[in-house]
Amino acid sequence: MAKKLWGGRFKKKTEPLVEEFTRSIDYDKKLARWDVLGSIIHVSVLRKSGFVTVKEAKRLQNALDKISKQIDQGIFKADNTAEDIHTDIQNKLEKEVGSLVLKLHTARSRNDQVLFDLKFYCKFELLAVMGLCKDLQISLLKACNKYFGIIIPGYTHLQHAQLVLLSDYLRSYEEMLARDVKRLENVGKSIKLSLGAGALAGIPIKAGIYNEAIKEYLEEEKEFAKVFNVEKSVDVSKSIDTVSDRDFVIEILSALSILGMHLSRLAEDLIIWSTKEFGFVELDDAFATGSSLMPQKKNPDVLELIRGYTGTLNGNLMSVLTMLKGLPLTYNRDMQLDKPPLFGSFEIIERELKVLPRLIETLKWNKKAIDAKIKDDEAIYATDFVYHLIQKKKIPFKTAHDIVGRLIQKSGGRKIADMKEEEIKNVSDKLDKKELLGLMNPVKSVASRISVERKKLKT
Ligand code: ARG
């Protein structure tokens, strides 16, 4: 059993079941890199404030660098019997520097340590997600250009509404992702690093030394310079709210839920459009799955999982919100449970964003099937007829709406071409069969909606 960071006041050994129950190393080992980094900064603070000598600081620093290298090389092995990653790293340092390690935890608590680690982790993970969002945005934009000019039925209530460009449609998902990126960026920017809160009440080290040390470190490390606006990334000295705050976890989980919800809507549209009933699009074989029983099946499992994972993403958000509700200040062990949902949501979103770009790029759009669906439904031009009556015949909107409604009813599903001119005139003498037939042109219909900018629309 690994050593603990506490124990002096206890007469009995901890019950193994309690150790197993309270341990977080299984998941917080993800924070190893950031924990070592926090300790490097902490050592320089201890040196500046006279808690360790320059020589001692050097020894600790070297040992921390050694662990840091192991992490970078992927050979760091967490001890699964340690209580958490903070304990594990302390134990590993002891092997390197012996009893000197006993000075390392001077003026710090795992309560502020865990926050520092978590905030650093979030800053980098947010950056990764933003990069993946941008990859997907590029794939969508590529598809917009490639399929520019294809016209599809636009839907409201999943019923034919008005004709739109496929590229405008795909572009709307790109716009959602642009909002997601902004949202993630804003959350990332608002996360302020801090150390020196101690367990809850501050530490006997002058305010500011800590923040200076963090700033110095961030400025030195080029890798961090692009992630942190140093001035804005470091918090002024506070303690009670700092160790109690998990708002940033909730904000991230919420932003990831919104992003996941966007992806699920894209997934759902593609699932519907790839059915036999629609046949608008076909998934590439490499991005579809089969059935163990029905040999003909080609299933959109990837898209279904993207749709399904929204349950886990939303659940993760709910779980942290609920865990924090009514929690008295300051740190309570409940807060350890913010990590599995946070790590889980990042993992899900990153996996979704990795698989989607190629899936989008390899889709085969079936223009013939789309055109046939449009041809089949002349009622999709009903709004165009209304605008025609308003603009060319100077009829008030409501009257025009009513006339076209009656025309649709009268047609009883027949084509306008198959209706007698007289029949049409009977609905309203303002209706002219030839004019109506002329309006039923998909390109004209889309181009008439001039409030939307479409530079490349071919007519
Ligand atoms: N593993 C703990 C967590 O993630 C570290 C903090 C423990 N602090 C304490 N006072 N027991 O929250």
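Counting starts at 1 for both ligands and their atoms, in listed order. Hydrogens, waters and symmetry mates are skipped; everything else that's a heavy atom, side chains included, is used.
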Please list all pairs meeting salt bridge (Lys or Arg N to Asp or Glu O under 4.0 Å) that have one or both residues in residues 96-107, counting only residues at least two apart or in different chains. Glu56-Lys103, Lys66-Glu96
Inventory of protein N or O atoms under 3.5 Å from ligand 1 N or O:
| residue | atom | partner | partner atom | Å |
| --- | --- | --- | --- | --- |
| ligand 1 | 1 (N) | Ser24 | OG | 3.2 |
| ligand 1 | 1 (N) | Asp84 | OD2 | 3.1 |
| ligand 1 | 1 (N) | Gln336 | OE1 | 2.9 |
| ligand 1 | 4 (O) | Lys339 | NZ | 2.7 |
| ligand 1 | 8 (N) | Asn111 | OD1 | 3.0 |
| ligand 1 | 10 (N) | Asn111 | OD1 | 3.1 |
| ligand 1 | 12 (O) | Tyr331 | OH | 2.4 |

Do the side-chain N and O atoms of Asn366 and Glu282 include a donor-acceptor pair separated by under 3.5 angstrom? no
Honestly, is Lys339 close enough over Tyr27, meaning NZ or CZ under 6.0 Å from the six-membered ring centre and within 45° of the axis?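 Here Lys339 fails the 6.0 Å and 45° test against Tyr27.
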Summary of ring-ring contact (aromatic ring centres under 6.0 Å, His included) pairs that have at least one residue in residues 75-105, sequence neighbours excluded: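 Found none.
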Using the rule given for side-chain contact (heavy atoms from CB on, under 4.5 Å), can you reason through Asn80 versus Arg23, listing the C-alpha separation, both sets of side-chain angles and the distance that settles it, and then say yes or no? CA-CA 9 Å; Asn80 286 338; Arg23 178 176 293 147; 5.9 Å; no
Sequence neighbours left out, what passes side chain to side chain contact (heavy atoms under 4.5 Å, CB included) with Asp377? Give chain and number order.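 By the side chain to side chain contact (heavy atoms under 4.5 Å, CB included) rule, Asp377 matches His160, Ala379, Ile380.
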